[in-house]
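So that the names make sense, note that chain A is the first sequence line, chain B the second, and so on, each numbered from 1.
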Number of protein chains: 2
Amino acid sequence: MTVGPDGGYHLQEQIGFVLRKANQRHLAIFSARIGDLTPPQFAALAKLKEVGETSQNQLGSLIAMDAATVKGVIDRLKARGLVEIGKDGADKRRLLVSLTVEGRDLIERLVPLAAAITYETLAPLTQREASTLLRLLGRIA
Amino acid sequence: MTVGPDGGYHLQEQIGFVLRKANQRHLAIFSARIGDLTPPQFAALAKLKEVGETSQNQLGSLIAMDAATVKGVIDRLKARGLVEIGKDGADKRRLLVSLTVEGRDLIERLVPLAAAITYETLAPLTQREASTLLRLLGRIA
DNA sequence: GGCAATTCATTTGTATACGAATGATATCAA
DNA sequence: TTGATATCATTCGTATACAAATGAATTGCC
């Protein structure tokens, strides 16, 4: 399935290219509905709400971001007063990240929109197809 | 399918998150096999080989990159001597981008690897599943 | 012909991403 | 216990991405 009927090379049939385009469309839908936060920022807040206070690196691994990337995301959320940083008494290397009241309010207000974003992104598919796609995508992720 | 059995919110089931993770894995596979070029650079060269000389913006739209992004990609390829820039006599706004001999040699050598990359990325799936995934992904892209 | 709208490319600013190097701290094992 | 190893966070460098603003050139339309 990586080679077309003529045996030639077709960018459009490479998984990487299609993933990139699907991501682009999803991002457009996301920012139309949640202009205030980027998907990584949203993921960080949503995960913090789920697990409570954690170290920065731990949070990164929960949302699949390396240390350098998560730092930038947390820095920007901190600058907006949505998260706060504490020290870990037991391990002086660690930074404990937690939601502020504002952060909690915001993410609780936005979480319901996430379902709508996923719904709109998957709108070209039937429910059955959408669930197949999510399942298969999960297996290669 | 965006809500789990307990009715709660689960990041792992949001299409955006899964797309991002699938992309990460694909990128890792890509750079292990083609360390020399990024996927966008590869896409630009592959498309140039397919369509021949085109304007920068035209190339961008063929590979789904906006004008600002494509400029950076082309600049770096130009700096490495893989593409060259010419002027369009008929339209002085346009930059015509084309492969150099080195660029053509490189992309011809690398294109066969693309199939292997797609294959490895889709390895967790059966052939039938892989082709379903590509089809469905194409519909939401 | 001439002006409005459009297109092409560039620039600036912001936000992921990730590799690699570094310093501080913990842990583990001999 | 101490020395090697590992972990946590930071920093630097490079490479996408995209929005918005800009200037130059072209096109469309009356």
Would you kindly confirm whether B/L113 and B/L48 end up in one hydrophobic cluster when ILVMFWY residues are joined by side chain heavy atoms under 4.5 Å apart?
->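 Both belong to a single hydrophobic cluster.
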Would you say B/L19 and A/L125 are hydrophobically clustered, going by side-chain heavy atoms of ILVMFWY under 4.5 Å?
-> yes
Working to the nearest 0.5 Å, report the span between NZ of B/K47 and OG1 of B/T54.
-> 9.5 Å
Hey, does the side chain of A/S31 reach the backbone of A/L27 with a donor-acceptor pair shorter than 3.5 angstrom?
-> yes
Using 4.0 Å as the upper bound for N to carboxylate O, is an ion pair formed by A/D36 and A/R80?
-> yes
Less than 4.0 Å between a side-chain N and a carboxylate O, is that true for B/K92 and B/D88?
->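 Looking at B/D88 and B/K92, the cut-off is not met.
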Indicate whether any N or O donor in one side chain lies under 3.5 Å from an N or O acceptor in the other, for B/Q14 and A/T118.
-> yes
Look at the side-chain N and O atoms of B/R76 and state whether any lies under 4.0 Å from the OP1 or OP2 oxygen of D/dT16.
->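 Result: yes.
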Please state how far atom [atom1] in [X] lies from atom [atom2] in [N], giving the value in whole angstrom units.
X	N	atom1	atom2	value
B/Q24	D/dT16	CD	P	17 Å
B/K71	C/dG13	NZ	P	16 Å
B/F17	C/dA17	CZ	P	11 Å
B/F30	D/dT16	CZ	C1'	13 Å
A/R80	C/dT14	CZ	P	14 Å
A/L45	C/dA15	CG	P	14 Å
B/H26	D/dT16	NE2	P	14 Å
B/R20	D/dA17	CZ	P	14 Å

Shorter than 3.5 Å, N or O on both sides, protein versus nucleotides 5-8 of chain C: list them out with atom names.
| residue | atom | partner | partner atom | Å |
| --- | --- | --- | --- | --- |
| C/dT7 | O2 | B/R93 | NH1 | 2.3 |

At under 4.0 Å between heavy atoms, what does B/A90 touch on the DNA or RNA strands: base, sugar-phosphate, or nothing?
-> sugar-phosphate
Which of these nucleotides, [options], is closest to any side-chain atom of [X]?
X	options	answer
A/Q41	C/dT16, D/dA17, D/dC12	C/dT16
B/T69	C/dA15, D/dA17, C/dT10	D/dA17
A/D66	C/dG19, D/dT26, C/dA15	C/dG19

Closest-nucleotide ordering on DNA chain D, the 5'-leading residue of A/L27 and A/D75 = A/D75
Assign each of B/A68 and A/V73 the nucleotide of DNA chain C bearing its closest heavy atom; nearer the 5' end lies the nucleotide of B/A68
Let me know, please, whether B/S31 or A/G89 comes out on the 5' side of the other along DNA chain C by nearest nucleotide.
-> B/S31
